[in-house]
K.L.:
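The structure's right below; bear with me while I get my questions together.
For the numbers below, each heavy atom of this structure counts, side chains included, while hydrogens, waters and symmetry mates do not. Order of the sequence lines fixes the chain letters, A, B, ..., with proteins taken first and strands second; residue numbering starts at 1 for each chain.
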Amino acid sequence: MSSTTEIKSLHRSPESFVGTSVTINGWVRTLRSKKSFGFIEINDGSFFKGIQVVFEDNLDNFEEIGSFGVGSALSITGEVVESPGSGQSIEIKATSVTLVGASSSDYKLQKKRHSFEFLRTIAHFRPRTNTFSAVFRIRSLVAHAIHTFFQERNFVYLHSPIITASDAEGAGEMFRVTTLDLMNTPTAEHGVDFSQDFFGRETSLTVSGQLSAEAYALAFNKVYTFGPTFRAENSNTSRHASEFWMIEPEIAFADLQDDIKLTDDMMKFIVSYVLEKAPEEMEFFNKFIDKTLLERLTTFVNTPSEHLTYTKAVEILQGSSKKFEYPVEWGQDLQTEHERFLAEEYVKGPVFITDYPKDIKAFYMRLNDDQKTVAAMDMLVPGVGEIVGGSQREERYDVLLERMQALGLSAEDYWWYLELRKYGGTPHAGFGLGFERAVMYVTGMENIRDVIPFPRTPKSADF
RNA sequence: UCCGGAGUAGCUCAGCUGGUUAGAGCAGCGGACUGUUAAUCCGCGUGUCGGGGGUUCAAGUCCCUCCUCCGGAGCCA
């Protein structure tokens, strides 16, 4: 195949291409043909914008070109010229237009506006639309930003296992992994005999890599995981998916304040990175998806984040004149309406809530000196809500064991996790960032299904 | 899972207190047009009215049930 030019490079330095001949490969977005000439807008996926191609009746397949449908794959060679039209600075005057892959008139992606709901039903075509082209380029950039952030700070990227032994994580319903014949399962005294299963025990898809990350943080000091996680919860919301990606850093010799600092630095790095690398996409989101997006993101990057303790947050909520559906009471978890009020109305920006009552938080979170709260933190952002959840981990063997016993957890199941506290344990902390929620925050997209290429949610695993 | 809303043409939607041949815009197709930008102008076609059951002389419209989707809540990231 002859060398091709990416449309992105045409847009980034148009002057340098004027007068030269280029070949581009891409898909037809719109095609308008007239009696003796016509226009093709073609997009190759390299850039948010496509390029306009002019074809005239001196081409031997002029008639045929006029009949190419939206979605056709074309290879076009031509001269880059300054455009006499007002919509673009340059265009390509075609010397050859070759049909690589035909489309047809029943192509589902029409040259008109479509609802996101409809586009979800044609998930294989939606990356060819402006919005999803931008979304998934940003998603890729956010992933790169995350790796860059941690690698630059000498964190080790840990691949935590995707198949895990069950009952060792305790973060929601899990998808079972088995090779047993479901029509004829071997049974033991108390149900299915998992000793005959592939791994000789009951296994599931991971719901969190945190426990693995803790072990590795106590060897490498600074690690992060970044991979898929699975929750079999019957959650039907715009913020939950059954399969999603999570970033879970873990740092040793560190406390909750270090953890918060890391979270804040990371989030600001991601936002700055995307604003710098994808200005066209971000302007598009600001114009068509959320008109306050750029203002919100630049404010976030340039403003120190707010911190509130849970206790203080409860006081604020109780003292506000706002009427809540659920009453606010110390000891109760904050409801979505409370979190939204704090982030969207009280702080008007991202806010860290720390030191929650121990009874509403996980067993591994470090007990504070007041014996009532734990060193936990949630980062709440306007629009998305909880985007990060983290904590300083309980490093004291006896305190951890006591806490597990109080919650009825088996020390046997967590034997290696407990051993980390017996041999060279240190104060350490970490957090989990929902990758898709970060993408939603950065793009302004409101439904998690629209920031995942092929989303898995309850009752939906098409494609 | 709970609460609320919706499902009618390829898409977005209208269709009144049941009434006989179910509508519009857009997309598509055909034609016109020397510079379009979601082009414009003229012409053309399009339906298991989400599935099943029921009430009725008659159901897109009323009732029951199931399914799916959307918004909110819970669970969380």
K.L.:
Let's test this: given Watson-Crick or G-U wobble pairing with both distances under 3.5 Å, identify the partner of rA9(B).
P.N.:
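Across any shown strand, rA9(B) pairs with none.
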
K.L.:
Determine which nucleotide pairs with rA73(B), using a 3.5 Å limit on both distances of a Watson-Crick or G-U wobble pair.
P.N.:
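Checking every strand shown, rA73(B) finds its partner in rU1(B), with both distances under 3.5 Å.
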
K.L.:
Is the ring pair Phe300(A)/Tyr441(A) parallel, tilted or perpendicular, if the boundaries are 30 and 60 degrees?
P.N.:
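Aromatic pair Phe300(A)/Tyr441(A) classed perpendicular.
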
K.L.:
Base, sugar-phosphate alone, or nothing: which one does Thr229(A) contact when heavy atoms must sit under 4.0 Å apart?
P.N.:
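Touches nothing.
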
K.L.:
Quick one, give me the B/S/- string for nucleotides 23-32 of chain B, reading 5' to 3', where B means a protein heavy atom under 4.0 Å from the base and S means that only happens at the primed atoms, P, OP1 or OP2.
P.N.:
--BBSSS---

K.L.:
Could you tell me whether the side-chain ring of Phe39(A) sits stacked on the base of rG35(B), using a centroid cut-off under 5.5 Å and a plane angle under 30°?
P.N.:
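Answer is no, no stack.
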
K.L.:
Both Glu436(A) and Asn447(A) contact RNA chain B. Which one's nearest nucleotide lies toward the 5' end?
P.N.:
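Whichever sits nearer the 5' end wins; that is Asn447(A).
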
K.L.:
Tell me if the side-chain of His114(A) makes a donor-acceptor pair with the base of rC11(B), cut-off 3.5 Å, by modelled atom types.
P.N.:
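Per atom types, no contact qualifies.
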
K.L.:
Out of curiosity, Ser320(A) OG to Glu345(A) CD, how far, rounded to the nearest 0.5 Å?
P.N.:
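The distance works out to 8.0 Å.
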
K.L.:
Can you figure out which of rA73(B), rA77(B), rG71(B) approaches the side chain of Glu386(A) most closely?
P.N.:
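My answer, after comparing the listed nucleotides, is rA77(B).
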
K.L.:
Choosing from rA77(B), rG35(B), rC76(B), which nucleotide comes nearest the side chain of Val54(A)?
P.N.:
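So the side chain of Val54(A) is nearest to rG35(B).
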
K.L.:
Who does rA22(B) pair with, Watson-Crick or G-U, both distances under 3.5 Å?
P.N.:
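Answer to the pairing question: none, since rA22(B) forms no Watson-Crick or G-U pair.
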
K.L.:
Quick one: sort the Tyr157(A) and Tyr224(A) rings into parallel, tilted or perpendicular, breaks at 30° and 60°.
P.N.:
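Answer is parallel, since the angle falls under 30°.
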
K.L.:
Please compare Thr237(A) and Ser115(A) by the position of their nearest nucleotide in RNA chain B and report the one closer to 5'.
P.N.:
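Closest to the 5' end, via its nearest nucleotide, is Ser115(A).
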
K.L.:
Choosing from rU1(B), rC76(B), rG74(B), which nucleotide comes nearest the side chain of Asn236(A)?
P.N.:
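Among the listed nucleotides, the one closest to the side chain of Asn236(A) is rU1(B).
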
K.L.:
For the P atoms, the ones on rU48(B) and on rG23(B), what distance do you get once it is rounded to whole angstrom?
P.N.:
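Comparing P positions in rU48(B) and rG23(B) gives a spacing of 16 Å.
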
K.L.:
Return the value, rounded to whole Å, for the distance between atom CZ of Phe55(A) and atom C1' of rG35(B).
P.N.:
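Those two atoms, CZ and C1', are 12 Å apart.
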
K.L.:
Between C1' on rA73(B) and CD on Glu339(A), what's the gap in Å once rounded to a whole number?
P.N.:
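Whole-Å distance recorded here is 13 Å.
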
K.L.:
Answer yes or no: does a side-chain N or O of Arg239(A) lie under 4.0 Å from OP1 or OP2 of rC75(B)?
P.N.:
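No, no such contact exists.
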
K.L.:
Which listed nucleotide (rC75(B), rA73(B), rU1(B)) is nearest to the side chain of Asn234(A)?
P.N.:
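Ranking rC75(B), rA73(B), rU1(B) by closest atom to the Asn234(A) side chain puts rU1(B) first.
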
K.L.:
Could you measure between the two P atoms, the one in rC62(B) and the one in rG7(B), and give it in whole Å?
P.N.:
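My reading of the P atoms in rC62(B) and rG7(B) gives 11 Å.
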
